[in-house]
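Encoded as structure tokens, the structure appears first; notes follow it.
Both ligands and their constituent atoms are indexed starting at 1 by order of listing. All of these numbers come straight from a predicted model, not from anything done at the bench.
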Amino acid sequence: MSITSHMAHFGSALLDFVYPPHCPTCQAWQAPDDRLPLCRACTQSLQTTSPHRCPRCSAPIDALAVKGKSCPNCDHWQKILFTEALVLTDFVGVAADAIHHLKFAGCKQIGSFLGHQMGANPDLAQKLGGLDLLVPVPLHAARQRERGFNQAEEIAKGVGDVLGIPLDTGCVRRILPTRQQARLHVTERAANMAGAFIAPRAPRGTPSSIGLMDDVLTTGATMSACAAALRTKSSARIIALAVASPFRQVGDTLR
Ligand SMILES: [Zn+2]
Ligand SMILES: [Zn+2]
């Protein structure tokens with residue numbers, strides 16, 4: 001084997017490592033020149049969402065909930081610590097699979113890719129463009145060590161990259177190793193998150209608007225607890241941002 005073919009072989013092995021040849025969410029094979037963290041069809045599906053969204057929490061909701069102006073997702077929000085929540089898509093299919101790969105299979109590059117998709121969405125870009133700062137919801141130090149990165153920070157990097165918004169990763173800290181929210185009922189989620197975050201210092205650059213970034217927005221318990229900590233050091237308008245939110249129907253028992 002010549003040196004050049006060795007190098008070509010090494011190059012393609014490296015590419016396979018960075019971007020696997022099969023799309024992680026649909027398993028479609030991707031040609032080497034065409035490789036992205038997700039294939040084109042899956043990427044495209046991230047830009048589609050339910051026709052009805054709650055104007056307050058952005059959750060995909062059924063038409064009945066829109067009519068009654070009552071959202072089963074955010075009706076229980078006691079204190080609005082953030083003025084608005086903006087979400088790219090529904091937490092199903094490709095988005096749910098991609099987030100699962102990001103968090104539990106170590107596919108770190110999917111994080112900034114999802115952030116890029118948020119920044120590239122015209123509706124979101126318009127609303128996010130005016131933000132002064134992005135603050136990713138932090139993980140507890142032990143969880144971050146175990147995962148090797150914070151998925152919310154990776155997503156925020158992607159959004160910040162596209163829209164030119166700086167990141168601050170040191171103004172909130174998670175001090176309690178909370179239980180997995182996914183297994184808890186809505187009332188347990190808020191109790192589980194109480195006192196989970198502190199703000200060791202004010203956000204950088206005295207921002208007047210902050211985008212608080214997480215991967216999934218479910219009941220808003222994590223975002224509320226994190227926003228409450230931020231509030232102790234900043235009077236900025238806080239908008240909750242997430243890649244996806246689960247679909248809600250009237251009468252849903254929230255989990
Ligand atoms: Zn795919
Ligand atoms: Zn809502």
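Judged by a 6.0 Å distance limit and a 45° cone about the ring axis, Arg231 is not positioned over the six-membered ring of Phe82.
Annotation: angle subtended at the Zn ion (ligand 1) by Cys39 SG and Cys42 SG is 110°, to 10°. When rounded to 10 degrees, the angle formed at the Zn ion (ligand 2) by SG (Cys54) and SG (Cys57) equals 110°. Note: angle at the Zn ion (ligand 2), from SG of Cys71 to SG of Cys74, is 110° (rounded to 10 degrees).
Dense packing is recorded around CD of Gln27, with more than 12 heavy atoms of other residues, nucleotides or ligands lying under 6.0 Å away.
The closest donor-acceptor contact from the side chain of Arg248 to the backbone of Ile61 lies at 3.5 Å or more, if one exists at all. The main-chain N or O of Ser50 is found under 3.5 Å from a side-chain atom of Asp90 such that the two form a donor-acceptor pair.
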